[in-house]
Each structure stands twice: as C-alpha cells, then as structure tokens.
2 protein chains.
Amino acid sequence: MKKAKLQDIADRAGVARSTVDRALHGRSRVNVETRDKILRIARELDYHPDLRGRALKMSSSFLVGMVVPNITQSFYADVVQGTEEYLEKAGYGLMLCNIIGEECTPRYVSMLERHQVDGIISCAEVKHGWNNGLRELASKGFPAVMINFRVDGVDGPVVFVNQRKGGYLAAMRLIEAGHRRIMFLGGSHDYLNDERLWGYKSAMDEAGIPVSPEFIVSMGDWTTDEFDAKVGPLLKDKSTAPTAAFAVYDMAAFRLISWLRGRDIQVPHNFSVVGFDDLPSLTWFAPCLTTVKQKKKEMGYAAAELLIKRLGGEELKDVLLDVELVERDTIAPPDCL
Amino acid sequence: MKKAKLQDIADRAGVARSTVDRALHGRSRVNVETRDKILRIARELDYHPDLRGRALKMSSSFLVGMVVPNITQSFYADVVQGTEEYLEKAGYGLMLCNIIGEECTPRYVSMLERHQVDGIISCAEVKHGWNNGLRELASKGFPAVMINFRVDGVDGPVVFVNQRKGGYLAAMRLIEAGHRRIMFLGGSHDYLNDERLWGYKSAMDEAGIPVSPEFIVSMGDWTTDEFDAKVGPLLKDKSTAPTAAFAVYDMAAFRLISWLRGRDIQVPHNFSVVGFDDLPSLTWFAPCLTTVKQKKKEMGYAAAELLIKRLGGEELKDVLLDVELVERDTIAPPDCL
DNA sequence: CTGAAAGCGCTAACAG
DNA sequence: CTGTTAGCGCTTTCAG
C-alpha cells in the first residue's frame, strides 16, 4: 500500500487539502459531516502525517536529542529510558547521541543541528568535552535541559539530585550503626564526588566526629594495586583503622568489597559499606549492597517534561529530586566493639 | 547567531542557491574560485544543511529507527551502542524506540511512519507483540534489518549469532572437564533457548553421553521456590545428581550460583557452571563466570551496516556472527570423582 | 559552468 | 465553514 498523503484524502473526499488538515487537527470548525467523512477516509487510507513537511512549515522537527556519554552504563540506560518514555507520550522522537570520547563532539553538534532537533537533553559528565558542544548549540538557540549539573553558560533548567542528602544519609546510617572511623572512598574531585563528600562531612560534623583527612581517599583507576597503596595502609593498625566506608558509587563499593574479601575481611561482618546509585544488577549478588537510591528513570523523565513544557512556552525552574537510603545487607555494628 | 541557510550563502557570494548546493556537494563541476569562495563563506557562517528540507526533496529523512524491548538490559544497550556508532559515522540519526509492553506497539509504528525513517533495525524478542508492528511497517515499504531471528513475513537481512555453536562449546567444555551429568538450565522454549539447547545436545551426542530429559529444565520466573521445585529434586541423590550446568543466559547462571550457595554448594568447587552472553557487569564478582561470549556491539554494528548498504542499493545476505568461549572461574572437575 | 523554476508534504493567512 | 495560495529549505531538471 502506497503511503497516503493529505492530497489523497482531499481528492477522495472532494475537498481541499486545508480542509482535511483542519478536520484532522480539530483546531478550527469544520462541517461535522465532511469532518467525519474525512476522518473515515483517513483511517481507511491509514494516513499518518509526514512530519518532514510539517517540520519544515512549523519549524519544529518533533525530535529531541539526548546526549549521554555511554549508554552501556546502566545508569545512563535508565535515564534514557525515562526520557524516551515521556517523549514518546508527548509525540516526540528521541535521537540518541552516545558521545564516546572528545573527538566526536563536533560531529554530534553538527548532526543535532542538521536534524534541527527541537531541544537537547544533556546527561554528560562535568569534565567531558561535550560541554563545549552543548554551549555552542545553546548559543545557537537550541533549548537545553541538563541533568545532574549546570553547564556554565548554558541557559536552561537542570534536573538535580540531592547528592548532599544522599551523602548525609549514607554516613549517618553508618554512624547510627555505631561506626566512628568511617572512610569516604571517592574518585576524582568532580561535582558528584564532592557533593556526596559534603553530605558525608555534614553527617560527621553533626555527630561530632572529627573527619580525618586520611580517611578521605581519592581513587583513580580502582585497581587492586591502588587499593593496596591507598587503603591498605589505613587498615594496618586495627585500633585506628576505619570500620566502615561510604563509597561514592555502587561500583566503587563493590570493588572495595571484592578487595576486602581478598584480604579475608568480610562485609558486613568485619567491615560495613554503603554505596550510592542503587544499580539493579548489583542486587543479584550477596552481600546485597546497602545504598543510596537515586531515581534514575525519573531523572530522565523529569528532564523530558521540563524540555517539552519549555517548548510549549512555560518558564520552568530547576528540579531537585530526592534520594533515599535502601537498607540491605552490608551494614553491621563495628567489628572492633 | 542566526542559523544560516543556503540562500544566505548565495546572497553573500553573489550566486544562485543551486550553485551553492553544487559547490557544497561537489557532484557537479563548479568554477574553482567561486567554489572556494562559497566554501569559505559557508564556513564563516557555520552552515549546516537543514535535513528537513533535504528530507522532503530527497524523500529520505536520514533517520533510522532502532527498536529494542528494553534499553535497560545490558545486552540491548550494547547492541544499540554498536548501531549508533555505525549510523553516526554514516551520517544517520538513530531514533530509539524502547518498546515496553505490547500496547505501545501501534504508537511506535505510527511514530516511525510519521518521521518517515529510512529504515528500521529490530532487535526485539521472538514472542514480543512488536513483531506485528514490524510486519506492518515492512509491508508499507520500510526497509528492515533484524537481529537474532527473522520475523515471518518481513523481508530483509538478519544478523544471526551462532547460538548452536555457543551451546556446543559450553557443553563440550564441561564434558572435557570430566562432567557427564550436565544440566541444561533453560527458560521458555523460544528461539534462543532452543538453539542453544540444540548445541548442548549435539555436544552430548558427540561425546556419546545420553541426554536425560529431566536434566533439561525449563524455568519460568527464576525464583528460589522454582529452583527448589525444579532443580532441588535432581540434587537429592548425589550419585545421580548433575555435577554441572549450562545456563542459557548469564543471568540464569548467576541465579543458579546464588541458589546453590544457599544450599552450601560452592561453584566451582562442588558444581560447575557455564553461562551465555558475557555480560560485563558480571565480571566484577567472584566467582567470575565462564561463559559463551557473543559480540553484542558487533551485532548492532553489523545490522546498521546491512541497513545502510541496502539503502545504497546493495543486495545483502544474512550475517552469521561467531561466538567464543571465555574461560574464567566456574568450571572444575566433577566433585564426585 | 551557472541561473531560474518547480516541487517534496504540510500549514496558515486570507478570501470567499 | 471552505478553497486558494504562498512558502518552510533543499535538490534537481532544464535552459542559457
């Protein structure tokens, strides 16, 4: 069956294209009978408006660009799923831009521009070269919504997650379990790391526990060697060693647990751990990680909602999503008691 | 800066739109000087052709629809990544269709049609309701490429994976380790399950080991209760119990390992396991799973290549991708010896 | 080698 | 309430 167009319906119904258009959209009054006739014919012909024509006329492509560093990481996949769900309901297509590496940024900028997407949702990382690309597109007038943090110079709402609260909850839970020597196992000092660290510190402060700088460790490549070098020494003297850790990501928590296991330190029996993310795949394994859950799908959903409403002319504020602690099996009272 | 269009360049260069077009595409001869001038101006104006106009004229949207059941599952994310990579290089955008549940099929069919995608890559599951949607679109002339299996009535190349070989390799590896009572831990009898089962049987045949029907288990929801009911009885009598299992998916293998651990059966010490998939997240945990690796990213890449070449007029055959066994830590000689 | 003109499918302003 | 017309940005004849 050949693709039906507006004209085909018009011909069959014996009316003009514009009448068909009106009947289909219902914006303007159309004679009820002709309208019904038109709708019937449209259904018979299985008519679907060609968005390319409409896009040209209405200067809207009904396409939204979604930029992530790596869809392969479960976190981003969840966010994308949320965005896609909202966009689909709203009648927009999601163009996926999987920015691997700095050098591809200009190609994606060009692609987004050529397709004239109606807006861009950016869920990249702070340090990532893509940020320049986003700035460029934003300066050309592409509406943008950011996830997790604001890219300097890009105007548009941001979907934030209460990272500080997450860090606070994690540390406080460990404190409540009786721990006082609590390590912060972090990565490089980027936005997420430091916000969560801030939360950790605020919990320690509140409990009146001084934070020893050597308990704040900053990992690079998370290898066994690095653990040996950076965490190993802390564990030498049992009377001063940390009895628990708040790991800045679930992945980090798991690396730590594996490494500890290699040294015959069992979690949670000899050492307690809290993570951050709530990655679903990590619940398949014992011990199930106690962690701070961030609602990844909702992050994507909220971003899409912000963007589409903004396209509709609403002025919107940033969103701050809540987090919660999910209790599982990696916290116990300190081993030293 | 306002978006530059063809006319803007033409105005500045003092030539006609069509000349600019020719200069930009290089298809037809253009005076070298004017061409250079045009190219220079285009660069100054940071010109990116608007695909909506081109799409209309050339009846091509430079958009490919990619359909997966759930991007959240690591397997699909990897496939999508491969597809996206190829498409981006080829200058096509990837429209992601995350088909969750049957009822959304018509909406996605309509969306793909309205956007007039140039083709569709379908990586859904056999039993999924989407297959009807794909049939409908294919019958309307949308070129399709399928991954993993052919949808009846849809004409187009398929990217296959050598499932049978995978099943064979897995079972044979267990046999070589000395196992004879080997369980096939499968799911419902769909295409993937049965192909892998076929491979398992062929290895058993080749080794002259009769396949006991009760060793072919077919799980539904993979709960502990179901394991207790379906696998528990097999393990009662140590002299007839299986000493190893080939699990149809990595996930299944992990469920099994956890369940066994709950019964104080340690892998690989008391029981050997091989999986199928090679999910990356599963390598973080001990014991690391010995498994059949399928090249997920290449599957997506190959599908995109097939589609784009087909759009270019080439007639293409199905592709069969190889698998390989990756040796890790879940196989040992049978415990009973 | 270059310009003029038509038209892809749709919408909207204007007339009737 | 409905038809006519123009035009979104691009490509592609067809003349010159």
Side-chain angles (χ1 to χ4, degrees), chain A residues 2-39 41-42 45-63 91 110-118 140-141, chain B residues 2-39 41-42 45-63 91 110 113-118 140-141:
Chain A
K2 206 70 186 73
K3 187 176 133 55
K5 42 180 120 170
L6 222 44
Q7 187 67 63
D8 298 331
I9 303 179
D11 290 348
R12 289 226 196 180
V15 296
R17 283 206 308 277
S18 47
T19 306
V20 177
D21 188 54
R22 278 185 284 253
L24 257 28
H25 287 80
R27 326 187 78 84
S28 173
R29 296 260 157 267
V30 176
N31 181 296
V32 185
E33 290 167 26
T34 48
R35 197 199 56 185
D36 289 348
K37 186 176 176 190
I38 287 170
L39 291 180
I41 296 180
L45 261 39
D46 192 30
Y47 173 75
H48 297 256
D50 184 331
L51 285 185
R52 294 169 309 174
R54 179 188 294 196
L56 215 47
K57 184 64 186 177
M58 307 189 32
S59 54
S60 168
S61 59
F62 301 96
L63 225 43
S110 164
M111 154 156 275
L112 258 5
E113 185 159 6
R114 286 184 346 235
H115 277 276
Q116 285 292 112
V117 294
D118 289 340
K140 287 186 179 167
Chain B
K2 205 72 187 70
K3 186 175 133 57
K5 43 181 121 168
L6 221 44
Q7 187 68 61
D8 298 332
I9 302 179
D11 290 348
R12 290 227 196 179
V15 296
R17 284 206 305 277
S18 46
T19 305
V20 177
D21 188 56
R22 277 186 284 254
L24 257 29
H25 287 80
R27 325 186 80 84
S28 173
R29 294 262 156 268
V30 176
N31 180 295
V32 185
E33 290 168 23
T34 48
R35 197 200 56 189
D36 288 348
K37 186 177 177 188
I38 288 171
L39 291 180
I41 296 179
L45 261 39
D46 193 29
Y47 172 74
H48 297 257
D50 184 330
L51 286 186
R52 294 171 310 174
R54 178 187 293 196
L56 216 45
K57 186 64 186 175
M58 305 186 40
S59 53
S60 167
S61 58
F62 300 96
L63 224 44
S110 163
E113 186 160 6
R114 287 186 343 236
H115 278 276
Q116 285 290 113
V117 293
D118 289 340
K140 288 186 179 167

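Just so it is clear, the values below take in all heavy atoms, side chains as well, and ignore hydrogens, waters and symmetry mates. Below, chains carry the letters A, B, ... as their sequence lines are ordered, and counting in each starts from 1.
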(request) Would you check if there is a donor-acceptor pair between the side chains of B/His48 and B/Asp46 at a distance under 3.5 Å? (result)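 On atom types as modelled, these side chains qualify, holding a pair under 3.5 Å.
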(message) Counting only side-chain heavy atoms from C-beta out, which of D/dT2, D/dC10, C/dT2 sits nearest to B/Arg17?
(response)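 Taking heavy atoms from C-beta onward, the closest nucleotide is D/dC10.
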(request) With the side chain of B/Met58 defined as its heavy atoms from C-beta on, choose the nearest nucleotide among C/dC10, D/dT12, C/dC8. (result)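 For the B/Met58 side chain, the nearest candidate turns out to be D/dT12.
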Once you round it to whole Å, what is the distance between [atom2] of [N] and [atom1] of [X]?
X	N	atom1	atom2	answer
B/Asp8	D/dG9	CG	P	9 Å
B/Glu33	C/dT2	CD	P	10 Å
B/Arg22	D/dG9	CZ	P	20 Å
A/Ile9	C/dT11	CD1	C1'	15 Å
B/Ile38	C/dG3	CD1	P	8 Å
B/Asp50	C/dC10	CG	P	17 Å
A/Leu45	C/dG9	CG	C1'	15 Å
B/Leu6	D/dG9	CG	P	11 Å

Would a distance-only check, ignoring hydrogens and angles, find a side-chain to backbone donor-acceptor pair under 3.5 Å from [X] to [Y]?
X	Y	result
A/Asp118	A/Ser60	no
B/Asp8	B/Lys5	yes
B/Arg52	A/Ala55	yes

(message) For a quick check, tell me whether the side chain of B/Arg52 and the base of C/dG9 share a donor-acceptor pair closer than 3.5 Å.
(response)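 Under the 3.5 Å cut-off, the side chain and the base do not form any donor-acceptor pair.
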(message) Ignoring hydrogens and geometry beyond distance, is the side chain of B/Ser18 in donor-acceptor contact with the base of C/dA4 at under 3.5 Å?
(response)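 Result: at least one qualifying N/O pair found.
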Tell me whether the side-chain N/O atoms of [X] come closer than 4.0 Å to OP1 or OP2 in [N].
X	N	result
B/Arg54	D/dT11	yes
B/Tyr47	D/dC10	yes
A/Lys57	D/dG7	no

(request) Pick base, sugar-phosphate or nothing for A/Asn31, based on heavy-atom distances below 4.0 Å to the nucleic acid. (result)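 If one applies the 4.0 Å heavy-atom cut-off, A/Asn31 turns out to touch the sugar-phosphate alone, with no base involved.
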(request) Identify whether any heavy atom of B/Ser59 sits under 4.0 Å from a base atom; if not, whether one sits that close to sugar-phosphate; answer base, sugar-phosphate or nothing. (result)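 The residue B/Ser59 makes no contact with any strand.
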(message) By nearest heavy atom, map B/Leu51 and A/Thr19 onto DNA chain D; which one lands nearer the 5' end?
(response)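 The answer here is A/Thr19.
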(message) Report for the helix from C/dC1-D/dG16 to C/dG16-D/dC1: angle between first-end and last-end helix axes, five pairs each, rounded to 10 degrees.
(response)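 Between the axes fitted at each end of the helix from C/dC1-D/dG16 to C/dG16-D/dC1 lies an angle of 50°.
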(message) In the structure I gave you, are the side-chain heavy atoms of B/Arg12 and B/Leu45 within less than 4.5 Å of one another anywhere?
(response)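 The answer is yes, as the side chains (C-beta and beyond) meet within the 4.5 Å cut-off.
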(request) Please determine if A/Arg54 forms a cation-pi arrangement with A/Phe62, meaning its NZ or CZ atom is less than 6.0 Å from the six-membered ring centre and no more than 45° off the ring axis. (result)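 Geometry flag: set, cation within 6.0 Å and 45°.
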(request) On DNA chain C, check which nucleotide each of B/Gly53 and B/Ala16 is closest to and give me the residue with the more 5' one. (result)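 The residue whose closest nucleotide sits nearer the 5' end is B/Ala16.
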(message) Testing the basics here: between B/Ile38 and B/Ala13, what is the closest heavy-atom pair and its distance to 0.1 Å?
(response)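 Here B/Ile38 and B/Ala13 meet closest at CG1-CB, 4.1 Å.
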(request) Let me know which of A/Val30, A/Val20, A/Ile9 forms a side-chain contact (heavy atoms from CB on, under 4.5 Å) with A/Val15. (result)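 Testing each of A/Val30, A/Val20, A/Ile9 against A/Val15, the sole residue satisfying side-chain contact (heavy atoms from CB on, under 4.5 Å) is A/Val20.
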